Protein chains: 2
Amino acid sequence: MSDERLYQLIARKIEALIDSGKYPPGSRLPPERELAEQFGVSRVAVREAQIALQAVGRIKIKTGSGAYVLEPHAESTNKLPNISAFELTEARALFEAEAAALAAIQIDDAALDQLERYIEIMKEAGPDDKAAELADRNFHRAIATASGNAAISYVIETLWSLRTDLEPVKAVYESVCSTDASARVAEHAAILDALRAHDPAAARVAMRKHFARLINSMLDVTEQRALEELRNQVSKSRQRYLKSATL
Amino acid sequence: MSDERLYQLIARKIEALIDSGKYPPGSRLPPERELAEQFGVSRVAVREAQIALQAVGRIKIKTGSGAYVLEPHAESTNKLPNISAFELTEARALFEAEAAALAAIQIDDAALDQLERYIEIMKEAGPDDKAAELADRNFHRAIATASGNAAISYVIETLWSLRTDLEPVKAVYESVCSTDASARVAEHAAILDALRAHDPAAARVAMRKHFARLINSMLDVTEQRALEELRNQVSKSRQRYLKSATL
DNA sequence: CCCATTAATTGGTCCTACCAATCTGCCGCG
DNA sequence: CGCGGCAGATTGGTAGGACCAATTAATGGG
């Protein structure tokens, strides 16, 4: 239990002071010596705590001046946004459609062949196959890369990560994935055809259709779940009622 | 210049040792005392360096045992992607156009009025005005929000952040922003008109035009800079030549 | 009133000593 | 011969004090 080092305890205390509003961003913390006395520890401990806080980006130590509280930086506090599975899919539909349109213009034969292979893998994969999911990801990733725009690739990659980082979204996706094997292959093939034809508009439409079907599947699953949930609620209520009725 | 603290220097040296493969993930670093002697510094400096590395998640210090190299954690190494200003702007053009199209469908009057006010602020702002930049950001942010999709807002917000987080991009944007005041207001007004008319296609086009002009400005600035750079090079060469000619 | 010099403040580094957790190896017991 | 436990060595953890360097505040003279 108490294998925590002293400086970590002090660091937490200092953070608490900051969070309490006593030392707002931009303000200066008390001198090391003062904090050391206040916490009843040596100056080394305070110093180490401040170094740890600086490494995490909460404060900035200026030699001879003091330790200053920094603005909470968005990157350090990478809080995940509150996004539903539908929103995420809609965003992917729009953005990946544009990526596909861009890709259609300039994709080369090597990339097209690679896409073909990914579809093959998905076609031959069994249910709940990790390889299929990886191929799916690689398929979308390859199209994003073919757009020739690193920013677009970055966004699409980020959105894909959200798919697994957001727990509620993850659940919905998993239940959908297992039911759409054949449809998915057909849609991917349609996207590939449009890319082969170097037809941006067709690629955009094909990609949007792919996600539109996905959203529909998700709606079905969600409806199904809502029904089950309702049934469970009713069942529980019934049991409770029966129990109280037999008192 | 050398305002770097000793422990940071030591931390870099230790990181270099790790990266060199001498201490692969899972292995133990040499004892503090040994490292201190090796680097010719006190034990405290080594200790502080290790604390900083631990705070960043590169090593794990175990009391009485030693400091162990951790696996490079994917999430902790949130390296910024390598994206050019043009790519970023192209991505914003595509994505924000779709956001505007969605927003056109369902934006309410209150939001429209707010957009109007942001344009007013931009119109009245002087050059190099922080208020104008903030209004600009809020304008785009409000449209993203009006799309009613948190994932889209998240992406647009992320891309805007990249604008300031990526140094080379930041430079380009800053030099462009100071030259486009009037054009920017007119374009924003056009976007607002399309949103008022609840015309998705028009909103999409207006937003794309806005960014298209921005890209053109950036191209101009980049060209200008390239010319200046070339001139500097020539000037330097000339000086060097003259100097060597007078020897 | 302004500026430069000075003094006080504050972080930076080192050393030395000692404590606590951990690891290692030896020794005795079974 | 093998295993477990004890003791010493190893290693990180903390303290206190001393001194240096950068910064800031105070003070004095122009």
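A quick note: this is a predicted structure, and the numbers were derived from the prediction, not measured. Note on naming: letters A, B, ... go to the chains in the order of the sequence lines (proteins, then strands), and numbering restarts at 1 for each one. Scope of the values below: all heavy atoms of this structure, side chains included, with no hydrogens, waters or symmetry mates.
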Segment of DNA chain D, first to last nucleotide, that comes within the 4.0 Å heavy-atom reach of chain B: D:dT11 to D:dT14
Which residues share a salt bridge (Lys or Arg N to Asp or Glu O under 4.0 Å) with A:E37, sequence neighbours left out: none
Short side-chain donor-acceptor distance under 3.5 Å, B:N149 and A:E87: no
Side chain proximity check, A:R58 to A:D19, heavy atoms < 4.5 angstrom: yes
Check against side-chain contact (heavy atoms from CB on, under 4.5 Å), B:H140 and B:H210: CA-CA 11 Å; B:H140 286 274; B:H210 174 40; 3.5 Å; yes
Side-chain donor-acceptor pair present, A:Q114, A:R117, cut-off under 3.5 Å: yes
Protein proximity profile, nucleotides 7-17 of chain C - base contact B, sugar-phosphate-only contact S, no contact -, cut-off 4.0 Å on heavy atoms: ---BBBBSB--
Identified side chain to side chain contact (heavy atoms under 4.5 Å, CB included) counterpart of B:L35 within the set B:I10, B:V41, B:I14: B:I14
Between B:R141 and B:S153: side-chain donor-acceptor atoms closer than 3.5 Å: no
